[in-house]
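Some notes on the structure that comes next.
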Amino acid sequence: MNSERQPIHVEDVPWDMFSDPDDPGRPEGPWVRWLVDPASGNRVVQVKSWPGRDPAPHWHLSDTLYIVTKGELHIGGEPPYKVGDIRWVRGGFAYGPERAGTEECEYIFVSLGPYDKFDPDEFPPPLGRWDDPSTWVEGYPQVHRRAVLAHDPRRDGTAPCPADAWVGGVTVGNEARP
């Protein structure tokens, strides 16, 4: 099996009680299954939360997706998300706490870029706060990130293999094949 592509059998991944190394005073929880190694800089986790858990509001630089797989997910100022619903939030917008409904809730959390988490009272979110519509800003900070990543090795000749192999073929030895 190629280590760059691997199946993830979610039910085979163990649950861990999350503790934040950057916030040692934070209560433990929720339960998480790390579906992609966090050392990669990416966050793809299955989250299991329970009623009564009251995490702090926060925001991320990257856009995030939540795919509800069990129960209901409640986010301050938003309607409840039910099984099969997908929540998308733009990076840079702070939102109220993520809570389970009246029963346990599970969802897949995907960060669509580098993972980070900021307290909106300590670090003002560039696109506003859920609890203050006067702070809401139109915009999309990922456009700037695209400019930072403008280097494309397929087009500027620095690819580690011939461009035709990079785009759609396979390199075998030094020979590119479709």
Exercise for the section: Measure the spacing between CD of E98 and CD1 of I75 and express it to the nearest 0.5 Å. Expected result: 4.5 Å
Handout entry: Cluster overlap W15 with W50, hydrophobic side-chain contacts below 4.5 Å
Key = yes
Practice task
Taking all non-hydrogen atoms of both residues into account, name the closest pair between W59 and P124 and its distance.
Solution key: CZ2-O, 3.9 Å
Handout entry: side chain to side chain contact (heavy atoms under 4.5 Å, CB included) partners of L65, counting only residues at least two apart
Key = I86, W88, V110, L112
Problem - Single-linkage hydrophobic cluster, 4.5 Å side-chain cutoff, Y107 and W31 together - result: no
Completion exercise
Tightest non-hydrogen contact, residues P55 and P97, listed as O-CB, 2.8 Å
Kindly list each side-chain donor-acceptor pair under 3.5 angstrom involving residues 129-136, sequence neighbours excluded, with atom names and distances?
from: R129; atom 1: NE; to: D131; atom 2: OD1; distance (Å): 2.9
from: R129; atom 1: NH1; to: D121; atom 2: OD1; distance (Å): 2.9
from: R129; atom 1: NH2; to: D131; atom 2: OD2; distance (Å): 3.0
from: D132; atom 1: OD1; to: S134; atom 2: N; distance (Å): 3.2
from: D132; atom 1: OD1; to: S134; atom 2: OG; distance (Å): 2.6
from: D132; atom 1: OD2; to: S134; atom 2: OG; distance (Å): 3.4
from: T135; atom 1: OG1; to: R129; atom 2: N; distance (Å): 2.9
from: T135; atom 1: OG1; to: D132; atom 2: O; distance (Å): 2.7
from: W136; atom 1: NE1; to: R129; atom 2: O; distance (Å): 2.5

Problem - Within residues 69-79 or reaching into it, pairs that qualify as side chain to side chain donor-acceptor pair (under 3.5 Å) - sequence neighbours excluded - result: K70-E104, E72-H74, E72-K82, E78-Y81, E78-R87
Residues 33-47 side chain polar contacts: donor-acceptor under 3.5 Å, at least two apart:
from: R33; atom 1: NE; to: V13; atom 2: O; distance (Å): 3.3
from: R33; atom 1: NH1; to: V10; atom 2: O; distance (Å): 2.8
from: R33; atom 1: NH1; to: Q46; atom 2: OE1; distance (Å): 3.4
from: D37; atom 1: OD1; to: A39; atom 2: N; distance (Å): 2.9
from: S40; atom 1: OG; to: D37; atom 2: O; distance (Å): 2.7
from: S40; atom 1: OG; to: N42; atom 2: N; distance (Å): 3.2
from: S40; atom 1: OG; to: N42; atom 2: ND2; distance (Å): 3.3
from: Q46; atom 1: NE2; to: E106; atom 2: OE1; distance (Å): 3.1

Practice task
Write out all pairs satisfying salt bridge (Lys or Arg N to Asp or Glu O under 4.0 Å) with one or both partners inside residues 45-56, taking only residues at least two apart or from two chains.
Solution key: D54-R99
Exercise for the section: Classify the ring geometry between Y66 and Y95 as parallel (under 30°), tilted (30 to 60°) or perpendicular (over 60°). Expected result: perpendicular
Problem - Donor-acceptor contact below 3.5 Å, side chain S49 vs main chain C105 - result: no
Problem - Distance-minimising heavy-atom pair for L61 and F118 - result: CG-CE1, 3.8 Å
Practice task
Taking side chain to side chain contact (heavy atoms under 4.5 Å, CB included) as the test, write out the residues that go with E28, two or more places apart.
Solution key: M17, S19
Exercise for the section: Could you pull out the closest heavy-atom pair between P114 and S62, with the gap in Å? Expected result: O-OG, 2.8 Å
Problem - Set of ring-ring contact (aromatic ring centres under 6.0 Å, His included) partners for F18, sequence neighbours left out - result: none
